[in-house]
Amino acid sequence: MALTKITGEGVGTLNVPAFLAKMSDNQDVTDETTTKVEFDTEVYDTDGKYDHATNYRFTPTVAGTYFLYAQVNALSNANAQLADLKVLLRKNGSELYGTRHNPSTNYANRMSLNIQVTDVANTTDYYEIFAFLNDTSGNPTIGAIEGGVASFFGAYKLIGV
């Protein structure tokens, strides 16, 4: 699916490659361990640049500036035991950006964090989302659905940048 715009010269491509992926089910993770989030269901993928089956990564292969966004929904499998959540955007295996919520002693049962950034990619760069959860019960989960899609990852190429 290509997004298009009408110009004086005809129809042209706009903001591609682009993708949006979500999780089909909750993902159990090891407590206090940074884990790749497995967004295994494509909502759309204009150019087949998101790997939803093996590496769960976006490799645009088209140089340019991209808007990348993600949300991770963390769950405690015991009441009010979620003590820490970090969401990390990695580029080529290295941490690029991150966000964190650590509620100190007022632990939660569920929390979500999102991240939105722009980054310049070359033809070989790739992007992945990782999460770190600390659940004092020792049994955290990344939630797929909470009244709709709770965890997702997407990106699109910016035009004119």
Side-chain angles (χ1 to χ4, degrees), residues 1-4 13-77 82-102 110-135 137-159 161:
M1 174 184 134
L3 305 175
T4 59
T13 303
L14 175 69
N15 296 111
V16 293
F19 84 96
L20 176 60
K22 61 183 182 175
M23 298 170 62
S24 62
D25 201 356
N26 291 350
Q27 179 182 345
D28 292 329
V29 296
T30 302
D31 191 37
E32 296 189 76
T33 302
T34 302
T35 305
K36 186 186 295 190
V37 183
E38 298 176 358
F39 301 99
D40 62 350
T41 302
E42 292 178 334
V43 177
Y44 61 86
D45 186 358
T46 63
D47 297 81
K49 304 299 182 184
Y50 180 74
D51 177 356
H52 67 282
T54 308
N55 292 315
Y56 311 103
R57 68 172 57 155
F58 174 56
T59 308
T61 71
V62 177
T65 301
Y66 287 82
F67 182 76
L68 300 109
Y69 57 96
Q71 178 170 293
V72 174
N73 181 263
L75 310 171
S76 171
N77 286 307
L82 196 56
D84 198 5
L85 170 61
K86 292 184 228 177
V87 175
L88 308 167
L89 172 66
R90 289 187 179 175
K91 178 179 181 178
N92 303 327
S94 297
E95 188 174 319
L96 186 63
Y97 295 101
T99 185
R100 181 180 187 182
H101 181 64
N102 182 325
R110 170 186 310 270
M111 65 175 94
S112 292
L113 284 178
N114 56 58
I115 190 167
Q116 308 90 34
V117 299
T118 58
D119 191 56
V120 177
N122 65 33
T123 58
T124 60
D125 289 332
Y126 64 90
Y127 299 90
E128 303 162 302
I129 299 296
F130 284 76
F132 173 91
L133 286 72
N134 178 1
D135 182 353
S137 75
N139 193 18
T141 300
I142 297 173
I145 299 171
E146 175 62 27
V149 177
S151 297
F152 53 85
F153 176 31
Y156 56 88
K157 187 175 184 294
L158 298 175
I159 57 171
V161 179

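Bear in mind the structure is a predicted one, so any value in this text is a computation, not a measurement.
For the residue pair Tyr127/Asp119, the side-chain donor-acceptor check at 3.5 Å is satisfied. With hydrogens and angles left out, the side-chain atoms of Ser94 and Asn92 include no donor and acceptor closer than 3.5 Å. A side-chain donor-acceptor contact under 3.5 Å links Ser76 and Asp135.
Ring centroid separation for the pair Phe153 and Tyr56 does not come in under the 6.0 Å cut-off.
Annotation: side chain of Lys91 is not in contact with side chain of Leu68 (no heavy-atom distance under 4.5 Å). Leu89 is listed as a side-chain neighbour of Ile129, based on a closest heavy-atom distance under 4.5 Å.
Counting non-hydrogen atoms of neighbouring residues, nucleotides and ligands closer than 6.0 angstrom, the NZ atom of Lys49 exceeds 12 such neighbours.
By the ring pair (Phe, Tyr, Trp, His ring centres under 6.0 Å) test, Tyr97 pairs with no residue at all, sequence neighbours left out.
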Practice problem: Kindly indicate, with the supporting measurements, whether the criterion side chain to side chain contact (heavy atoms under 4.5 Å, CB included) is fulfilled by Leu82 and Arg110. | Solution: CA-CA 7 Å; Leu82 196 56; Arg110 170 186 310 270; 5.7 Å; no
Quiz prompt | Residues Phe39, Thr41; criterion side chain to side chain contact (heavy atoms under 4.5 Å, CB included); working and verdict | solution = CA-CA 6 Å; Phe39 301 99; Thr41 302; over 6 Å; no
Exercise. Determine, stepwise, if the pair Thr35 / Gln27 fulfils side chain to side chain contact (heavy atoms under 4.5 Å, CB included).
Key: CA-CA 10 Å; Thr35 305; Gln27 179 182 345; 3.8 Å; yes
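For the atom pair NZ of Lys157 and OG1 of Thr65, the computed distance is 7.5 Å after rounding to the nearest 0.5 Å. Going from atom CG of Asn102 over to atom CG of Asn134 covers 8.0 Å, rounded to the nearest 0.5 Å. For the atom pair CG (Asp31) and OG (Ser137), the distance works out to 7.0 Å, reported to the nearest 0.5 Å. From Asp47, atom CG reaches atom OG1 of Thr59 across 12.5 Å, with rounding to the nearest 0.5 Å. Between the CZ atom of Phe132 and the CG atom of Leu88 there is a distance of 9.5 Å, given to the nearest 0.5 Å. One finds the CG atom of Asp40 at 8.0 Å from the OH atom of Tyr50 (value rounded to the nearest 0.5 Å).
Smallest separation of non-hydrogen atoms from Met23 and Gly143: SD-O, 4.3 Å. Closest approach of His101 to Leu113, counting heavy atoms only: N-CD1, 3.6 Å. Shortest non-hydrogen contact noted between Ala155 and Phe58 is CB-CE2, 3.7 Å. For the pair Ala144 and Asn26, the tightest heavy-atom approach, listed with the atom from each and the gap, is N-OD1, 2.8 Å. Contact between Lys36 and Phe130 at its shortest, heavy atoms only, is N-CD2, 3.3 Å. Residue Ala18 comes nearest to Asn15 through the heavy atom pair CB-O, 3.4 Å, listed as atom of the first residue, atom of the second, then distance.
Ion pairing of Arg57 with Glu128 is present here, as a side-chain N (NZ or NE/NH1/NH2) and a carboxylate O approach within less than 4.0 Å.
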